[in-house]
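All heavy atoms count here, side chains included; hydrogens, waters and symmetry mates do not.
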Amino acid sequence: MAFAAEKLPSDDTLLDAYSASVADAVDRIGPAVCRIERIGAGGHGSGFVIAQDGLVVTNFHVVGDARAVRVTMPHGASREGHVLGRDPDTDIALVRADGSFADIAPLGDSKRLRRGQIAIAIGNPLGFEWTVTAGVVSALGRSMRASTGRLIDDVIQTDAALNPGNSGGPQVSSAGEVIGVNTAMIHGAQGIAFAVASNTANFVISEIIRFGRVRRAFIGVSADTTNLPRRAALLSQVTTNTAVRLRSVEKNGPAAKAGLKEGDIIAAIDGRPVTGVDDLVRMLDAERIGRETLCTVVRRTGVSQVTVTPVARTN
């Protein structure tokens, strides 16, 4: 019995599908992307509207110490906005623009990202307004140093071209979801750019809305998201397959004093699974300052419980 050979899609068909997915994502998010200029101070960057009442996300280094900014939309409408709060440690700032906005670009779930997924950057590079570049997610869970000298964890690395002026604009998936906030490119390198993951940005925004600033507990570590072997998950009594691996432990910090070491895997905090760096950032909120916190730690020697007492994070 003869079987017909499976017909594979042509290159033209695949390219058309790729083009359509990028164009559809831009059509969905592009109208909410704005140009942001400091009033009376010079300098500009990008941002995007996340709520119809004028909440705009951008980078801290775009607004700097400015109290007022000019927000210009793709159709030309220009509004004044004031900075609600800024977080230099993650390079995120939140602006309230005057008026109401029909087009918004809500933050998606960056935990669902995979390497190789399409990444689209929208912004105002080098003064060219509303430019689109596309590439792929090159790596997840990177760390990079903020202007404060502290490490920003849970950073997305892509090869979507960024230039000065793209900062603060959205990094978008092919599904039309904002997966990150464009923050930096590597000078002298080709095809390496970074965005703060949307889940981290969402945490920062929530803190600014509630308290006007980001309150943090500090234990003195930097970490990466890693796979959690099934046996380790069973021993840790968690139901997830990812956790965080400590990449460095600050000397004399709370984690070091508690006995945590580089290479340790934190699977849970106070019995709650830590599935990624964004969970670690979110769980170390101000409520844990000065409070004993039980970390479920996976090592080659087995699983142990380590008690850490976070301190207030100071700049």
Side-chain angles (χ1 to χ4, degrees), residues 9 11-30 32-33 45-48 57-62 90-92 105 107-147 151-201 222-227 242 247 276-278:
D11 287 347
D12 288 343
T13 301
L14 292 173
L15 286 171
D16 284 346
Y18 172 82
S19 298
S21 64
V22 172
D24 288 346
V26 173
D27 286 345
R28 180 175 176 181
I29 300 299
V33 179
S46 304
F48 55 98
V57 177
T58 185
N59 282 154
F60 160 73
H61 78 261
V62 169
T90 56
D91 199 23
I92 296 293
L107 294 164
D109 183 4
S110 55
K111 194 182 292 294
R112 297 164 53 192
L113 286 176
R114 296 182 298 164
R115 284 179 294 177
Q117 187 172 331
I118 294 173
I120 306 157
I122 309 175
N124 299 269
L126 302 172
F128 297 105
E129 297 185 0
W130 294 285
T131 299
V132 177
T133 57
V136 297
V137 173
S138 305
L140 298 167
R142 294 290 199 214
S143 296
M144 63 176 293
R145 203 160 293 281
S147 60
L151 287 175
I152 306 174
D153 292 318
D154 200 25
V155 172
I156 302 165
Q157 179 185 327
T158 78
D159 66 351
L162 296 183
N163 286 286
N166 267 120
S167 295
Q171 190 78 227
V172 183
S173 72
S174 57
E177 297 179 332
V178 177
I179 55 176
V181 183
N182 295 322
T183 187
M185 64 282 186
I186 298 296
H187 294 286
Q190 296 182 4
I192 301 178
F194 297 100
V196 177
S198 57
N199 286 8
T200 294
S222 64
D224 298 312
T225 302
T226 188
N227 291 325
T242 56
R247 192 161 53 81
V277 176
D278 60 324

Student: Mind listing the closest non-hydrogen atom pair of Val181 and Ala201 along with its distance?
Tutor: CG2-CB, 4.0 Å
Student: Once side chain to side chain contact (heavy atoms under 4.5 Å, CB included) is applied, do any residues pair with Ala193, and if so which ones, sequence neighbours excluded?
Tutor: Thr158, Leu162
Student: Can you tell me which residue pairs pass the side chain to side chain donor-acceptor pair (under 3.5 Å) test with a partner in residues 130-139, sequence neighbours excluded?
Tutor: none
Student: Please list every donor-acceptor pair under 3.5 Å in which a side-chain atom of residues 168-179 meets a protein atom from a residue at least two apart or in another chain.
Tutor:
| residue | atom | partner | partner atom | Å |
| --- | --- | --- | --- | --- |
| Gln171 | NE2 | Asn182 | OD1 | 2.4 |
| Ser173 | OG | Ala175 | N | 3.3 |
| Ser173 | OG | Glu177 | N | 3.4 |

Student: Could you list the residues that satisfy side-chain hydrogen bond (donor to acceptor under 3.5 Å, both in side chains) with Thr225, not counting sequence neighbours?
Tutor: none
Student: Considering non-hydrogen atoms only, spot the tightest contact between Ala197 and Ser110 and give its length.
Tutor: CB-OG, 3.6 Å
Student: In chain order, what residues pass the side-chain hydrogen bond (donor to acceptor under 3.5 Å, both in side chains) check against Asn163, with sequence neighbours excluded?
Tutor: none
Student: Between the side chain of Asn124 and the main-chain N/O of Ser46, is any donor-acceptor distance below 3.5 Å?
Tutor: no
Student: Looking only at heavy atoms, what is the nearest atom pair of Ala161 and Ala121, with distance?
Tutor: O-CB, 4.5 Å
Student: Could you pull out all residues at least two apart from Asp109 that satisfy side-chain hydrogen bond (donor to acceptor under 3.5 Å, both in side chains)?
Tutor: Asn199
Student: Going by the rule salt bridge (charged side-chain N to carboxylate O under 4.0 Å, His left out), which residues pair with Arg142 if we only count those two or more places apart in sequence or in a different chain?
Tutor: none
Student: Got a second to check how far Ile156's CD1 is from Leu140's CG, nearest 0.5 Å?
Tutor: 6.5 Å
Student: Just how far is it from atom CD1 of Ile152 to atom OG1 of Thr183, taken to the nearest 0.5 Å?
Tutor: 5.0 Å
Student: With sequence neighbours excluded, tell me which residues meet side chain to side chain contact (heavy atoms under 4.5 Å, CB included) with Asn227.
Tutor: Thr242
Student: Below 3.5 Å, can you tabulate the donor-acceptor pairs from side chains in residues 111-120 to any protein atom, sequence neighbours excluded?
Tutor:
| residue | atom | partner | partner atom | Å |
| --- | --- | --- | --- | --- |
| Lys111 | NZ | Thr275 | OG1 | 3.0 |
| Lys111 | NZ | Asp278 | OD1 | 2.9 |
| Lys111 | NZ | Asp278 | OD2 | 3.3 |
| Gln117 | OE1 | Arg114 | N | 3.2 |

Student: Checking Thr58 now: which residues fulfil side-chain hydrogen bond (donor to acceptor under 3.5 Å, both in side chains) with it, not counting sequence neighbours?
Tutor: none
